[in-house]
There are 2 protein chains.
Amino acid sequence: MNQDKVTKKTTIYDLAELAGTSASAVSAVLNGNWKKRRISSQLAERITRLAEEQGYAVNMQASLLRREKSKIIGMIVPKYDNRYFGSIVETFETMARERGLFPIITCTRRDPELEIEAARTMLSYQVEWLISTGATDPDRITDICSAAGVRSLNLDLPGSKAPSIISDNFKGARELTRRILINSERKLGAAHPLLFIGGRGSDHNTAERVRGFRTAHADVGVSVDESHILTCGYAPEKAESSLQALAASEGRLPDGMFVNSTISLEGVMRWIKRSGHYVGRSPVIGCFDWDPFAALLADEIEMVRQDVQGMLDAVFGIIDQGSSSETLIQIPPVFMEGDAPW
Amino acid sequence: MNQDKVTKKTTIYDLAELAGTSASAVSAVLNGNWKKRRISSQLAERITRLAEEQGYAVNMQASLLRREKSKIIGMIVPKYDNRYFGSIVETFETMARERGLFPIITCTRRDPELEIEAARTMLSYQVEWLISTGATDPDRITDICSAAGVRSLNLDLPGSKAPSIISDNFKGARELTRRILINSERKLGAAHPLLFIGGRGSDHNTAERVRGFRTAHADVGVSVDESHILTCGYAPEKAESSLQALAASEGRLPDGMFVNSTISLEGVMRWIKRSGHYVGRSPVIGCFDWDPFAALLADEIEMVRQDVQGMLDAVFGIIDQGSSSETLIQIPPVFMEGDAPW
DNA sequence: CAGCGATGCTCAATCGATGAAGCAAGAATT
DNA sequence: AATTCTTGCTTCATCGATTGAGCATCGCTG
């Protein structure tokens, strides 16, 4: 191993010289199609050994420039601060690697500008596919991609210009609401209308969940209080201040809540603890998303777990076959009983 | 925008032809040193406009092949399933981008083989730096990197062959243990020896935390029970089965615990709930790591938060100045009072 | 008006890997 | 012995962007 002050990287030309052969032969051996190129196994072995001794690693930049396919697959993701996105990223990486693809992930912190910039950068790196996860403006990204001949998919939040894989938010929210109402009835004797908190009113998922929320109320003949639908955004502080404001103006808050994400739940739980509003009568809570600790927080907490594996199976199903006829694939979420199996 | 069936990517040669100029001029304009190369601002503007119209994006593979520096910086990380690593990754990405670097992150799922493979892949992509976060064998990665003339750093877990930035585990654990003992004394009247659970006995951080744990006990004249140091690994199930086994053999477990990570805490909380072991006498808990929901789980739960920003400041401090004289930088962790400020 | 510098561009080599085309030497066939 | 086939390599153009070197053209000076 050459440990000079400035170790220049070993190239196939260096190896060729050491082996007394041509760069072309070295290339053929190292990328595995030396049989096809009729290189003798002796030479192949010699080159392989040399490459190992020298700690050779192909220069992907050079290799990709020459090849037709980059095998790079990009994903943009809003945050890493919850289990849902964490497991999306981890599963995505694993499944990509299983297919011999190289995953590149970028976190855009829910910043629309960063999303676009990240998409452009990914294109520069010649990604073959770009998965926009929870993007604020997925169609804009799709436009940029298709102008460059790159295919794209939307995950978690749908767009209209590329196939979208999302949770079945309506059914999930309807069932979750049904369960909260049952818990509420069991605890308080009667089913009272719930509070909805979290998410952006403008995004598709939140809208669908609100629709499911309304439908479930209608199913049991309970009417929803419009002032109790607080789509205040995703940040914990927003949920917190939103509850604070409502309590200030209305006095007493409902005894049951539909919380639209674990991130919002964080703010909700913090406010409950700090304000002392619910002392002696802890509210019945349901959350559209799952977190292992949140699941342990209260006995009555219901959590829907989005089926990350199912969603990514759908994503790679499309990628594997190169295209999709469907535009919107909705994956049913999973209900957890008590604390979840890992 | 050309929307052909198979949109070939626009290159500088295409732009040159459209602008009636040379590829060289286009390149100079688009990478910003057209002034240096004495291109007229009229031509510059014309080319810029064309590039935008055509949705041109540089081919990074070609660009990087020619340039001397790749500006790519790699990080390998064990998991995305907790706030600590999530915030490391998010902060890393942000700080890298602020410096005009392109971050590539790979999750190795605590698999030593994958770590090595990932490191090699990163080298192929010509990373300039590789940050090994929580790696099982950081020195092996450093060897691979330095053979290729690539600088590396260790984060979270130290190595001996590259600068390492870690939490001050000893001091953190000593202070955490001190606090748990005080809480325990306040609750039970006297300070009893605590249980230590989670982490790998072989890793530096766990060893240092155990040392801090012992020292804090010694500080108040309480002796540690050796059979109560359960370094059973990081997975939640391991903590769970480890407690199960200990309870089976000893009957009654200690009333206070030092839990070595939020991941282990997950198993601990699950076991407590499932087994019913602590019914009516909930244990005093401290956790070396922070999670917003875990912080709300019990009143007596103490959490140390590792100073992610501080650690990454140190990392980029070294990167910015190109090297480091120090081999081990220890960043003091932060103690949270009650539920944390976000 | 020769001479010089400044201005605004183009040419062509280069980065490292790849693979089509080709070449030389031996083996097999007629 | 002449021809064809096979084996085992090498040569060279290529991918797209970058950049040192060079070449006109123009304005200005003495």
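Values below: all heavy atoms of this structure, side chains included; hydrogens, waters and symmetry mates excluded. Sequence lines set the chain letters: A, B, ... in the order given, protein chains first and strands last, and positions in each chain run from 1.
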Whole-Å gap separating C1' (D:dG16) and CG (B:Asn59)
6 Å
For DNA chain C, find the residues of residues 118-129 of chain A with a heavy-atom distance under 4.0 Å and give them by number; none if there aren't any.
none
Looking only at the side chains, is there a donor atom on one of A:Tyr56 and A:Asp14 sitting less than 3.5 Å from an acceptor on the other?
no
Nucleotide C:dG8, atom P - distance to CD of B:Glu45 in whole Å:
15 Å
Cation-pi, B:Tyr234 ring and B:Arg110 (6.0 angstrom, 45 degrees):
yes
Residue pair B:Tyr125 / A:Asn59, side-chain donor-acceptor N/O under 3.5 Å
no
Nucleotide C:dA20, atom C1' - distance to CD of A:Glu68 in whole Å
14 Å
Can you confirm whether the side chains of A:Thr10 and A:Gln54 place a donor and an acceptor under 3.5 Å from each other?
no
Going by an N to O cut-off under 4.0 Å, is there a salt bridge joining A:Arg200 and A:Asp203?
yes
Whole angstrom value for the distance that separates P of C:dG16 from CD of A:Glu17
14 Å
Which parts of residues 27-35 of chain A get close to DNA chain C, meaning a heavy atom less than 4.0 angstrom away?
A:Ser27, A:Asn31, A:Asn33
Ignoring hydrogens and angles, are the base of C:dT10 and the side chain of B:Arg37 linked by a donor-acceptor pair under 3.5 Å?
yes
Nearest to the side chain of A:Leu65, heavy atoms from C-beta on, is which of D:dT10, C:dG8, C:dG16?
C:dG16
Using the side-chain heavy atoms of A:Ser63, tell me which of these nucleotides is nearest: D:dG8, D:dT11, C:dA17.
C:dA17
Does A:Ser24 have a side-chain nitrogen or oxygen under 4.0 Å from the phosphate oxygens OP1 or OP2 of D:dC9?
no
List the steps and the verdict of salt bridge (charged side-chain N to carboxylate O under 4.0 Å, His left out) for B:Glu93 and B:Arg97.
CA-CA 6 Å; B:Glu93 278 195 22; B:Arg97 243 185 290 275; 2.8 Å; yes
Return the value, rounded to whole Å, for the distance between atom CD of B:Gln61 and atom P of D:dT18.
13 Å
Starting the side chain at C-beta, find the nucleotide from D:dT10, D:dG8, C:dG8 nearest to A:Thr21.
D:dT10
Using a distance-only test with no angle check, is there a side-chain donor-acceptor pair under 3.5 angstrom linking B:Ser160 and B:Asp139?
yes
Toward the 5' end of DNA chain C, which comes first, B:Leu43 or B:Arg66, by nearest nucleotide?
B:Leu43
Starting from the 5' end of DNA chain D, give me the residue, A:Ala23 or A:Gln42, whose nearest nucleotide shows up first.
A:Gln42
Touch class at under 4.0 angstrom, heavy-atom based, for B:Leu64 against every strand present:
nothing
Among the nucleotides D:dA17, C:dG8, C:dG16, which one has an atom lying closest to any side-chain atom of B:Ser40?
C:dG8
Quick one: do the B:Arg151 and B:Ser146 side chains pair a donor with an acceptor below 3.5 Å?
no
Consider the side chain of A:Ile12, meaning its heavy atoms from C-beta on, and name the nucleotide among C:dT10, C:dA17, D:dT10 that approaches it most closely.
C:dA17
Comparing nearest nucleotides in DNA chain C, the 5'-proximal residue of the pair A:Val58, B:Ala44 is B:Ala44
Taking the six-membered ring where the residue is Trp, are the ring centres of A:Tyr80 and B:Tyr80 under 6.0 Å apart?
yes
In this structure, how many angstroms lie between the P atom of D:dT19 and the CD1 atom of B:Ile39, rounded?
13 Å
Looking just at side-chain N and O atoms, do A:Glu115 and A:Ser132 make a donor-acceptor pair shorter than 3.5 Å?
no
Basic-acidic side-chain contact under 4.0 Å: A:Lys79, B:Glu90
yes
Nearest-nucleotide 5' precedence on DNA chain D, A:Arg46 against A:Tyr13:
A:Arg46
Looking only at side-chain N and O atoms, does A:Tyr56 come under 4.0 Å of OP1 or OP2 in C:dA17?
yes
In whole angstrom, what separates A:Lys9's NZ from C:dA17's P?
11 Å
In whole Å, I'd like the distance from the CZ atom of A:Arg67 to the P atom of D:dT14.
20 Å
Less than 4.0 angstrom between a side-chain N/O of B:Thr11 and OP1 or OP2 of D:dG16, yes or no?
no
